[in-house]
Amino acid sequence: MSQARKVLVADDSEAVTTLLVTALEMAGYEVTIAKNGNEAYEMGKTGEFDLALLDHLMPGLLGIEVIAKWQADGLEIPVIMLSGVDDERTIVDSLDLGAVDFVRKPFRLPELMARIRQRLRD
Amino acid sequence: MNGTQIALLAVGIVFVVDVVLLFGLITLKTVHRRRMERHDRRRSAYLGVLSRRMAFPLHTDYIDPKVVSDGAFLDAVIDLRNTMAGPEIETLAGIIDRYGLVKRQAAHLRSRFPLGRRLRAAVSLAEMGDESSAPVLIEYLNDREPEIRIQCARGLGRMQHTPAIDAIIDRFGEESPWVRSRFADTLVGFGAGAVWSLLAYIRVNHDHGENEGVIEAIRVLGTIGERDIGPPLSELLSVFQDPELKIATIDALGYIGGPLAVTPLIGFLDADDWRLRAKAAHSLGEIGDPLANPSLRTSLEDDNWWVRRNSAAALAGISGGVELLHEALHAGDMFARDAAAEALADCGELGKARERQERGQATVADLQLLSFMTEDVLVP
Amino acid sequence: MILDVLRWIGYGIISYFVLMQVYLIFLGLLSAVAMRRTHHLNRFGRVADMLSSQTSPPVSIVIPAYNEAVGIIESVRSMSIVGYPRFEIVVTNDGSTDDTLQRLIEGFKLERVRIPYRPDIPTVPVRAIYRGRGSVDITVIDKENGGRADALNAGINAARYPYALCTDADVILDAKCLVSAMRRVVEDRQRTIAVGGNIRPLNGSTVHLGHLIRSEVPKRLVPRMQVLEYVRTFLASRPAWSRMDALPLVSGAFGIWKRSAVIAVGGFTSGHMGEDMDLTMRLHRHHIDNKIPYRIVYEPSAVIWTEVPDTLRVLKRQRIRWHRGLMTAVHDFMPMTFNPKYGKVGMVTWAAMFLFEFLAPIIEFAGWFLIPIAYLLGALNITNLLVMLGLALGVGLMSSLLALLLDESFGYFNGPADTARLVVMAFIENLGLRQLTVAWRIRAVIGGKSTRAWGNMERKGVANLGLDG
């Protein structure tokens, strides 16, 4: 049995991170939290994560900026981006950058978990 | 007491006040800060407990009923409520019900003062979005405090409580622009359910004095964009007297669209008032029906800059319009050329032409556009 | 007889300063009242709702740029992600001698467009207009050098939206600043013609990858003194002025202006060293003279961060420039001073600007000479003198402490150490730093060699701040 998959969760809302950490840990994943974009970027640079769940609107670097910086560094971390913003431009920009999935907030937890499981299976 | 003694007394008082202020500053820093930290710690704990319930409904940590008076618990519930959208909401609703959160906040709202607590109560009820709070929210739509009225409306909108629609619309005329705009946002949230009430309001109140409320109602209809309301709204165009109403309606029709909207709008491209012409051009662009293209091309030569600009922008977005814009670059009318050029730049055509040129795939039209742009600009 | 006169002059001078501080305390208390109300609204008014609202009017962000090659790309990019539904960015390249324009062209894939430049406000000739091809809605005006005011006017001319946010190339915008400020516009769209923002010194704060991570009080004394000054102005004065409907100054570093109003009064005045104060007062005058209903407000939660002078040398140039701007304004708006026709602007805030900002350095400077002379000649006894000085200092301290208390509600200075540093600053600034600013302002009044307008401050570049406080 391979070791636990590592997931990075970045969101400035404690409700989101607590909820996701609870659900993900119970499902057997190892979760690390980042509270803002800069932390997320720094943590992701270690390259040890199998998946990243990024909020878009965070203090510091935005979700898309984090992805762009990872790509500039040559990292390829699969990303699911969460956003409460109904922003066409954001959606297009993030998809252009190869963000794997884009999930609107507020989200349905079972659905999000299913997408996470699928991403990690790939 | 002589002057010196008075002055000494004054200095003494001043320094005492200084010490008090300093003390206040220190207290605020330490005491207040510690209280906030404790609040945050409790909130984190509640988030943990509630999250476990959301993720695993069979999992039950004990929650002390006393939490109902803890602001941190309310915060945690509201934050989670805003985060999730699925069936977990049911679990949360159950918790809200079991611990009497709505009852408590409603009681706070009903009290006469303090304002801060009342306001926080209104916001909390709005955020919780629980149907059981609908009656009190409707009651306080008439509260003295505008922000409370706004929150009540917002709450009713979030829970899609349709009986409240009429109560909200009825207040349109009396409210200040800010409150009215927030009410308008709420009505937009109700979507199609609100359109007929809005239409009724418009029919009854137009040209009866101040038209601000009616204009807002028309704007809401445009934002909701419900097709069915198009025809009755178009009819009202000929009934309205105030040009502002016509402008608002033309604008709204642009977003509502529908087959019956295009022809009257094309008609307005010839209106006397430039604002009507400009709005009509803009709306035809929103609708995107190629039927309008010939008339829009003619409007590129309108006297008024806004009309030309909107017509060009509209053409840029309608199928077949870009070609007309390219043609217009050769028009005899200098203003038409400029308007076409600006629209082609704004809609990205210029950028695409440049890219195609860089790849060696430029078309004739591209090259003409690029050469048109790089001629030296006339500087006034 | 002469001794009596001298004594009364001495008392008069000290009383003047006490009066000034009492005015500041009054402003501080009024600010507290005003901000308590907006604090509620900001916490619960859900400014975020406006983000997706249809009622948010579109805004043009106007940025004048002169030799900003070092940070211009980062700067514009950080502005392009400010939270707001619909806005465009207009950069005016004011005849830069470095490669500012080239960097903009490359960085944003600019394409020269042949669209007519419509000078609603007259400016120096515009050479070309560029539009961006990418996802950022950016327009760049390339023109000959004309100064900051002229560059702003050109940007306003080219702006496509009814409201213009005029700012500088090297500020860091807080994510919510535009929404917070525009909320004040939407509250009363008919009348609101300008909204001023809250400026905080960036020095000493941690900036990472173009974003402000943590705000800290700078270690150096010169910027630290300015932090206290800015807190006094932006938290303990402006909210009160705004509440009185008599805001005399919307800062150039962050101001929302209604385009049509600015055009109606002829835009910013070229070459003026206090062009922001000048435009604000002209707007007041125009609307009062023509009986047009209007309002100019200040929004404390519209926060931006900017670098302030780090050394005495640069600070001196800035203060001289500011005071010369004030002098020109005082002269231009003399007919409004103490004129009841202009309501609270004329009778209170502008009158106070004249009395306390403009005259203060002159009176204080006179005091430096007259009071010792009076003492030496025996007109003043030492007790009285010390008591009065103590009074002036104590009241001055009160206004600083009040301002710091108000700042607590914003929580930018987190540690008790930061607050302590500022309190200590409030004490020691009277030990020489403040006196220096007085001397500089006297220098400004004497005049003579005028400093070159705008663009003199050496910039370390936004990214290098925070390395050494």
Side-chain angles (χ1 to χ4, degrees), chain A residues 4 7 9-36 53-59 63 80-89 91-93 96 101-118, chain B residues 36-61 71-93 95-96 124 126-129 158-160 185 188-189 191 223 225 286 317 348 351 355:
Chain A
V7 180
V9 174
D11 197 310
D12 60 329
S13 155
E14 201 186 340
V16 172
T17 52
T18 311
L19 190 59
L20 289 176
V21 164
T22 308
L24 288 168
E25 278 184 351
M26 288 286 199
Y29 302 114
E30 204 181 293
V31 189
T32 313
I33 304 179
K35 291 209 195 57
N36 60 54
L53 281 146
L54 298 180
D55 184 22
H56 175 59
L57 278 178
M58 294 187 275
I80 295 180
M81 208 150 91
L82 308 166
S83 178
V85 176
D86 237 333
D87 194 351
E88 283 271 326
R89 219 192 293 162
I91 299 176
V92 169
D93 282 349
D96 274 351
D101 251 325
F102 191 86
V103 174
R104 289 262 176 84
K105 281 207 280 195
F107 51 80
R108 306 176 99 86
L109 191 57
E111 197 181 289
L112 181 57
M113 293 303 293
R115 293 220 209 175
I116 292 172
R117 278 196 297 272
Q118 189 198 35
Chain B
M36 298 293 296
E37 277 167 15
R38 280 200 302 265
H39 177 106
D40 286 343
R41 271 200 297 270
R42 285 201 312 275
R43 191 170 139 269
S44 299
Y46 291 134
L47 279 174
V49 168
L50 289 167
S51 294
R52 283 195 284 281
R53 290 240 190 147
M54 299 297 113
F56 307 98
L58 299 179
H59 185 122
T60 42
D61 289 334
F73 184 69
L74 187 59
D75 282 349
V77 167
I78 288 176
D79 283 345
L80 278 173
R81 176 75 178 75
N82 285 330
T83 307
M84 318 198 303
E88 298 76 43
I89 301 277
E90 293 300 314
T91 321
L92 214 46
I95 293 178
I96 290 174
S124 305
E127 296 284 318
M128 281 193 282
R158 278 168 65 102
M159 61 180 85
Q160 296 277 302
D185 276 349
V188 169
T223 312
E286 291 294 323
E355 273 159 30

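Order of the sequence lines fixes the chain letters, A, B, ..., with proteins taken first and strands second; residue numbering starts at 1 for each chain.
Nearest heavy atom pair, residue B:Tyr46 against residue B:Ala76, reads CB-CB, 3.8 Å.
Ranked by heavy-atom pairs shorter than 4.5 Å toward chain B, the options A:Val16, A:Leu112, A:Thr18 are led by A:Thr18. Taking chain B as the reference chain and counting heavy-atom pairs below 4.5 Å, the highest number among A:Met113, A:Glu111, A:Glu14 is found for A:Glu14.
Proximity of a side-chain donor or acceptor of B:Glu88 to a complementary backbone N or O of B:Arg53 within less than 3.5 Å is not detected. Without hydrogens or angle criteria, B:Arg158 side chain to B:Ala126 main chain gives a donor-acceptor distance under 3.5 Å.
Among the candidates A:Ile80, A:Ile33, A:Leu24, the single residue satisfying the side chain to side chain contact (heavy atoms under 4.5 Å, CB included) test with A:Val7 is A:Leu24.
Residue contact with chain A, scored on non-hydrogen atoms closer than 4.5 Å, is absent for B:Arg81.
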